[in-house]
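To find a chain, count down the sequence lines: A is the first, B the second, and so on, and within it residues start at 1.
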There are 4 protein chains.
Amino acid sequence: MKSFAVIGGDSRQARLCGLLVQEGHQVSAFALERCSLPPQVRVCASVREACSGADCVILPMPLSREQEMLNAPLAREALPVSDVFAGIEAGTLVCGGAIDAQRQAAAGQQGIRLIDYFEREELAVLNAVPTAEGAVQIAMQELPITISQSRCLIIGNGRIGKALHTRLRGLNAEVSVAARKQQDLAWIAASGGHPVRLADLENELGSFDLIVNTAPAPVLGKSQLRRVRKDALIIDLASRPGGVDFDYARELGLRVNWALSLPGKVAPLTSARIVRDTIANIMEEEAR
Amino acid sequence: MKSFAVIGGDSRQARLCGLLVQEGHQVSAFALERCSLPPQVRVCASVREACSGADCVILPMPLSREQEMLNAPLAREALPVSDVFAGIEAGTLVCGGAIDAQRQAAAGQQGIRLIDYFEREELAVLNAVPTAEGAVQIAMQELPITISQSRCLIIGNGRIGKALHTRLRGLNAEVSVAARKQQDLAWIAASGGHPVRLADLENELGSFDLIVNTAPAPVLGKSQLRRVRKDALIIDLASRPGGVDFDYARELGLRVNWALSLPGKVAPLTSARIVRDTIANIMEEEAR
Amino acid sequence: MKSFAVIGGDSRQARLCGLLVQEGHQVSAFALERCSLPPQVRVCASVREACSGADCVILPMPLSREQEMLNAPLAREALPVSDVFAGIEAGTLVCGGAIDAQRQAAAGQQGIRLIDYFEREELAVLNAVPTAEGAVQIAMQELPITISQSRCLIIGNGRIGKALHTRLRGLNAEVSVAARKQQDLAWIAASGGHPVRLADLENELGSFDLIVNTAPAPVLGKSQLRRVRKDALIIDLASRPGGVDFDYARELGLRVNWALSLPGKVAPLTSARIVRDTIANIMEEEAR
Amino acid sequence: MKSFAVIGGDSRQARLCGLLVQEGHQVSAFALERCSLPPQVRVCASVREACSGADCVILPMPLSREQEMLNAPLAREALPVSDVFAGIEAGTLVCGGAIDAQRQAAAGQQGIRLIDYFEREELAVLNAVPTAEGAVQIAMQELPITISQSRCLIIGNGRIGKALHTRLRGLNAEVSVAARKQQDLAWIAASGGHPVRLADLENELGSFDLIVNTAPAPVLGKSQLRRVRKDALIIDLASRPGGVDFDYARELGLRVNWALSLPGKVAPLTSARIVRDTIANIMEEEAR
């Protein structure tokens, strides 16, 4: 049994409080006033009160959205990140997500052991599953055909590309995957998919019902988009600035769904569990 | 190249017109005035005009919704089924879906070869896929967790149960299937699922995140529902009167989604293709 | 805890004795003298001694190989089936496999409740798995290529055809399945396979690395075999007289493996478990 | 169309000659005298004759087995590697497998562009498939139970571990995978398997029917082997010195199959294709 302080964040942090108390941990919360928390959670009046004696302080992902303010949409009032840090005792283990260098440095100066769980490899791996499921869900909602027997193209063979490949195959789609490296093309073939060299992408694009981009690169530009069928659906999973020339796609009348941050949207409870498991790993490693 | 008359029905019939002209067939339409059809379709002013010389007349599924009127929500005006039959020459091949005995008899008296495509085994098999995908889509939309690693129970091991089993497994869920017959339980185990005897259902119900009923029987009554977890989702695919005690489920605060006629809703184009393929088979057999 | 008499049969019956004592049952054996049995098994000197008081007598599958003699290759001496029946008290439940009408009648006259477990649907379903695995094993042993990415044809969409389809797909083969009925062709497509009409078989045969026949019919005659590639492997799972013109295949230099009774050969322990489970179901039903 | 010289090696090199002529290339061979080659292959009397004008010279994998001699079991007489190098014109592209540093240096001194295809990532990826299939084949041959519903443990989550995981799951086994890194454990769970921490391996070992080691480390020592069930099968895919304490396993009466170099043994044609594809990639890159 450990004691946690959960500070700020959205409903995912609220769900995280619920998971922790379910497992028998002590949980204090602050800056989550505008949502209902389980009765076992001790709602505190200050960062200092919440964090006092905590084995681990859990901050949201991302840590801040606007400049220097804590990402805390459910808090009664806005709170600078520096005020949060000021309320935490030196030496405390603090976990937060997507922390910029400036905030990282500030924490170091105050003697806080600040760890960015968004940079943990296992979180990225586990998040690939809700992301892939989210893409499947969008395709099911928007296409007038079944995934079964549809022709799907995945661009990119990273974690999300692989997770999506397995799932589309599991739903009996015909799956092609485009990649640049020979070893990725080999892996795609070995996994039962049809490998497409990225260099040949343009020539192949006309035959797909569903195109999902997972590559963080401008892979679907004007010349590519001109080849896409009018009744196809494009889902772009690439973070800003995205992999699609959105303006030109609109001009051509193509359907594009730019889907970001899917895990928290399509599976908030799984998403909270992933953060919990990652933090458990961090605590175990730090305790050694 | 054949000539078809498409009479009445909803957007699925409209999509069917599109598929038929794409394949090079001649298509006449009536009672579809309130939707836009491809320019190649000859829009007619009467059943007689549309059906004259047709190799096959395609009526909707179900044939009629209210008493004796044709199911034709996109028609300018309401039309009795008897008027439709009166406009078709004796000897013409007519396909319609879910036709009652009275209508069947009336057609016989007028010398019409009326065939119910809803009773064709291959249509039922093919419809199992969009139905199963529809259930997956609902589960993805309503559950806060991923299908991956969720504990799912399917009640019934018929066509839809089997199609859903494969797909949930393909998405890495832990799948249990409840059935009554030994041979079904054997098949479930042989397919990698956990078989549950229907007699033991009550004792097992408490461990599932998702419960999908495919059996046309009242399998989820009061004593069963009391065992279901509060955060579980129940999807009932059984046609009227359904397999769940809906009132009691509501009383218990359980989430139940009674999902009927999924193929036309979640995959209208696939659904139209299934009807087209089934009618092609009927025409081939009738031509022998 | 029940008491069983296990009479005759090969090593599968010996394994069955082992499974039954493992589960805590009392087991008497006769006509298994030439194999080693677990010490808990009571080895008897006569059918009468073994069967006295038994809840169930288990005879081999098939019951007899030569005319009227019990199938008992591990017995000290040959034994007519009639002598076996004579040693069993009237009213005793007796299970045996593949029993002919004459033997069935003889048992009835002696008041024996003789049930043929080989006719049980769940045994047939469960046996489809070791049969399908056996076919995969043969293909792996005989082909110089991997199953992965090989082009496989299964003829027939029954239990074995379906079990094999799933497994070859699970190994990333490209699977086609030939069948006659529209509903089977529909099921094949819905399962992610490429459906081939049996009538078109001849034209398609030239493109496969592996051809497995599961249909109890002469599907691979002269005109079909002429289309098969010289480096392809044909596995025939059809029982006598088989589905392949073996002489003509030899003339053409084609590799054909006629593989019968695979479950007992490739997975004798699983095979014994399947018999045990089937007999448990029979006993439960008879006890009602 | 290119011209190739194929020098030495076993039947895989012979098959490679066959594949290259099938694709329309010119092929010269030397040191393959004791096998039959397709008539289109030009059999040469010396390395020099075979390599003269070749776009690429293909040497075997491994390049040499005994000290400084070419690996050429099908050659009329033994041949030092230095003699081979001496017969190749400076500037020629030469591909060979598993080349030691000394040979690599010698080639460099003679101005030969010697590339080790065994170090290519895509070859390693593609070889994972026949290796995984080989392990499945051995398990099918040696276990008296079906893979279906068997409890399997894979040690290691690299290329071979992942390829085997997918295939065992595709055959409906219950799959556990042991790994050390959190990100691997996360990947295993996301792929539908049961993750086992390498540190907990000892406690879990007693529940498996099949244990396959893919890790290049002594993971199955005395204390681990004592936990393994007597009827389990261990397959060790780790290259010398292997991952199992073989002597102790023998003492305990455990069945261990140390299976090395599976691709060439279980799928020699696929294996030759993999070498051909890898060499094609090398030639394409070198041509840039």
Within 6.0 angstrom of [X] [atom1], more than 12 heavy atoms from elsewhere:
X: A/F118; atom1: CZ; result: no
X: C/K181; atom1: NZ; result: no
X: C/R180; atom1: CZ; result: no
X: A/F246; atom1: CZ; result: yes

(request) Under 4.5 Å heavy-atom distance to chain C, tell me which part of A/A190 shows up: side chain, backbone, both or neither. (result) backbone

(request) Report, by ascending residue number, the residues of residues 147-160 of chain C in heavy-atom contact with chain A at a distance under 4.5 Å; give 'none' if the set is empty. (result) C/S148, C/Q149

